[in-house]
Peer 1: 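Handing you a structure now.
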Amino acid sequence: MIENLVIVESPAKAKTIEKFLGKDFRVVSSFGHIRDLSKKNLGIDIEKGFVPDYEVPKDKAKVVAELRKAASEAKNIWIASDEDREGEAIAWHLIKVLDLDVQLTKRIVFHEITKDAISEAIKSPRTVDMNLVNSQQARRILDRLVGFEISPVLWKKVQPSLSAGRVQSVAVRLIVEREREVFSFKSESSFRVTAVFLTGKDDGKQAELRAEASKKFPTEEEAVKYLELCREAVFKINTITVKPGTRSPAPPFTTSTLQQEAYRKLGFSVSQTMAVAQRLYEGGKITYMRTDSTNLSKLALAKSHEVIVSEYGDKYSKTRQFKTKSKGAQEAHEAIRPAYPDKQSITGSQQEKMLYELIWKRTIASQMADAQVERTSISIELNNSAVGFNATGEVVVFDGFLRVYSESYDSENGDDERYVIPPVKKGMLLNYDKITATERFTSPPPRYTEASLVKKLEELGIGRPSTYAPTISTIQNRGYVAREDRPGEKRKVRSVLLDDNKITQASKTEVAGKEKSKLFPKDIGMIVNDFLMENFSEIVDYNFTADVEEQFDEIAIGKLKWTGMLEKFYSPFHKTVQNTLEKKDKKTGIRVLGKHPETGETVSVKMGRYGPVVQIGDSTNEDKPKFASLLKNQLIENLTLDEALLLFRLPRSLGIHEDDEMVVGIGKFGPYVRFRNKFYSLKKGTDDPYIVTMERALEIISEKDLNEKQKVINDFGEIRILNGRYGPYITFEKKNFRIPKGTDPAVLTKEDCLKIIGNNSKSKG
DNA sequence: CAGTGAGCGAGCTTCCGCTTGACTT
């Protein structure tokens with residue numbers, strides 16, 4: 001018999017807490033929820049008043065069995081799941097599943113994982129709060145109703161296996177709407193005039209003063225005119241203002257801000273960040289990584305203060321507690337911080353080190369003094385124009401937290417480099433060194449990255465720290481959106497230069513609209529989004545979650561009955577579902593592009609069985625309609641008639657070579673030549689499938705055939721030695737094995753190969 | 001891997017949030 005059994009949610013937390021509690025306590029973990037709505041069917045008896053049908057999922061059976069055993073051997077049972085809606089529900093499910101006594105089971109919560117906080121919690125146990133549990137049940141059931149009633153509508157009206165949900169459907173909506181904004185955006189250009197002035201040379205030294213004209217010029221002509229004025233002008237410093245300013249550090253990391261910064265500073269994807277953070281957490285190096293709180297424990301505040309004072313001195317320290325701003329935050333945990341703030345670095349993988357250092361810096365910086373800056377603005381007047389120049393500069397007087405950390409932003413143009421203004425005086429006359437008018441283009445709103453999408457969802461109060469990464473995976477797995485790159489397009493940028501009394505006009509090309517790892521909607525995502533907007537606008541409303549959250553909060557304080565809340569939501573919702581099923585047609589996103597210029601047949605584009613497809617003609621005619629698939633980056637939404645017609649020019653025959661036909665086309669992996677049932681990729685950038693000739697195709701074919709011949713170094717039947725991208729290797733039973741350095745692969749015998757295979761499998765297994 | 005677009009029908013898909021491994025490459 002054990003005296004006390006404490007159940008927490010996470011095994012790593014269990015380990016830590018057991019150390020603090022001593023011998024009389026055994027601490028075990030539930031690994032999150034242990035019970036959920038039945039997987040089959042809806043799992044809710046609506047007629048009886050939304051009675052949930054709970055079951056222990058297969059993968060939790062073992063955990064539950066172990067918990068049962070542990071519970072039966074303990075005198076007192078303490079449930080220390082998190083202090084939020086989900087945590088309270090976990091506690092209640094534990095009581096139900098383990099057959100515990102509601103009154104005798106002690107419910108406690110830890111606000112932080114420190115010895116003091118834990119001993120304090122043990123002193124004041126309570127019982128489970130059923131209002132809070134009911135608000136969780138309402139949340140769970142509402143999500144199930146939304147997901148399991150709308151998804152089947154999509155299977156019928158759009159495509160099988162699709163899904164809709166309170167969170168994912170809004171995430172898709174954001175991406176679809178942003179793409180449409182980008183698509184309809186019209187870029188405008190204007191000319192920005194910048195100057196480099198030379199200050200007077202009192203002591204023989206000339207300094208450069210960079211400034212920008214107070215006005216932009218809409219046309220090149222106007223810019224030239226202004227530069228002509230500048231050529232004759234006398235420049236005088238009109239005003240100088242110096243204003244002190246401060247900059248404050250950002251709060252410590254939450255899940256969302258960690259994901260954003262790790263993406264911007266380290267290039268980690270959202271799921272990568274979570275995986276690395278999980279390892280740091282399990283290794284006891286950081287606090288829990290799924291949190292919406294910016295709160296730091298007293299211990300962390302004190303430790304950080306010590307570190308800052310000893311490393312940087314007293315005046316760099318400023319203890320702060322940040323208020324969590326995000327909507328719907330539940331604050332069951334601390335912010336993400338180093339477990340031991342005095343450890344500036346750790347051992348581990350490169351990624352672990354980098355992420356840890358980021359967390360350390362952010363935490364420490366949050367406890368440091370404001371930076372003091374001095375912002376100088378200078379205005380320069382011209383004697384012959386009302387349009388003058390302005391120069392702004394910033395000097396850091398006291399670096400404060402900047403010494404350790406400065407936050408990154410998503411903004412594309414990195415104009416925020418700090419510029420130091422040279423010493424100047426009011427009334428000083430300046431000569432120009434050169435003045436440049438450069439064409440600037442307005443840019444469309446930026447497409448979402450995984451990280452900026454998380455930020456937006458958090459702002460809307462949609463999703464939770466534990467679901468940001470999975471949600472982003474889901475909408476990609478369903479094919480609604482994809483993370484893609486775009487090469488961008490070249491455009492001409494004009495400029496006018498005034499130098500040495502001469503005005504010259506020039507232009508160069510730059511690449512605009514280049515994208516790296518951005519979220520793009522796919523056709524099926526756009527079709528599903530439009531379908532949901534038409535039929536379930538309430539669910540995809542940006543405020544839907546916030547509205548229901550308000551009601552969950554009322555349930556949690558006993559002001560609203562959870563079944564009543566569900567009833568009020570469900571009856572109109574269910575009617576909409578049935579109405580949509582009965583009355584709405586199948587949605588294919590069809591667009592008629594026009595008439596075929598030669599045959600006059602209708603050309604349309606839509607979602608077909610195997611993906612987006614262009615169709616010429618229809619089945620009412622004598623001739624069967626013709627079909628062609630869209631290319632990878634084309635969308636149903638903005639395909640033109642010309643682009644559609646071009647798709648029918650492929651695949652095309654190049655003619656007969658040695659009795660066999662040679663065909664060129666575009667497949668999943670780009671343009672190809674097919675000959676004797678083998679596929680040969682065309683060279684990117686050099687070969688165009690629409691104009692490539694048989695002669696060139698033969699070159700490509702013989703090159704690849706030669707490579708393939710060279711690929712096999714030796715063939716022993718099951719075991720083969722091949723030349724790969726990373727050098728020679730052995731392949732055996734679909735597994736690949738590296739050949740030790742310094743070994744000539746050509747002389748290896750079958751026995752040698754078996755030895756290498758044996759060694760490698762041992763070290764792995 | 002690089003196609004497909006005739007039609008029928010059975011059986012399957014799906015949510016959000018809380019937790020980690022167990023899988024394969």
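The sequence lines fix the lettering, A, B, ..., with proteins before strands; numbering per chain opens at 1. In this text, all values refer to a predicted model and were calculated from it rather than measured experimentally. Heavy atoms only: backbone and side chains are in, while hydrogens, waters and symmetry mates are out.
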Peer 1: From the options dT20(B), dC16(B), dT14(B), select the nucleotide whose nearest atom is closest to the side chain of Gln278(A).
Peer 2: dT20(B)
Peer 1: Taking donor-acceptor contacts at under 3.5 Å, does the side chain of Ser629(A) reach the base of dG3(B)?
Peer 2: no
Peer 1: Taking N and O atoms by type only, does the side chain of Arg139(A) place a donor or acceptor under 3.5 Å from a partner on the base of dC16(B)?
Peer 2: yes
Peer 1: Per the atom types in the model, does the base of dT13(B) pair as donor or acceptor with the side chain of Ser161(A) at under 3.5 Å?
Peer 2: yes
Peer 1: Decide, applying a 5.5 Å centre-distance limit and a 30° plane-angle limit (both strict), whether Tyr672(A) stacks on dA2(B).
Peer 2: no
Peer 1: For dT14(B) and Arg478(A) - does any side-chain N or O of the residue sit under 4.0 Å from the phosphate oxygens OP1/OP2?
Peer 2: yes
Peer 1: Could you check which of dG5(B), dT14(B), dG17(B) has an atom nearest any side-chain atom of Ser466(A)?
Peer 2: dG17(B)
Peer 1: Is it true that Glu86(A) and Arg139(A) have a side-chain N and a carboxylate O under 4.0 angstrom from each other?
Peer 2: yes
Peer 1: OP1, OP2 of dG17(B) versus side-chain N and O of Arg290(A): anything below 4.0 Å?
Peer 2: no
Peer 1: Any salt bridge linking Glu458(A) with Lys455(A)? Criterion: basic side-chain nitrogen under 4.0 Å from a carboxylate oxygen.
Peer 2: no
Peer 1: Looking at Tyr288(A), I'd like to know whether one of its side-chain N or O atoms comes within less than 4.0 Å of OP1 or OP2 on dT19(B).
Peer 2: yes
Peer 1: Please determine, by modelled atom types, if Ser163(A) and Arg478(A) share a side-chain donor-acceptor pair under 3.5 angstrom.
Peer 2: yes
Peer 1: Looking only at side-chain N and O atoms, does Gln168(A) come under 4.0 Å of OP1 or OP2 in dC16(B)?
Peer 2: yes
Peer 1: Looking at Arg140(A) and dC15(B), is any side-chain donor or acceptor paired with a base atom of the opposite kind under 3.5 Å?
Peer 2: yes
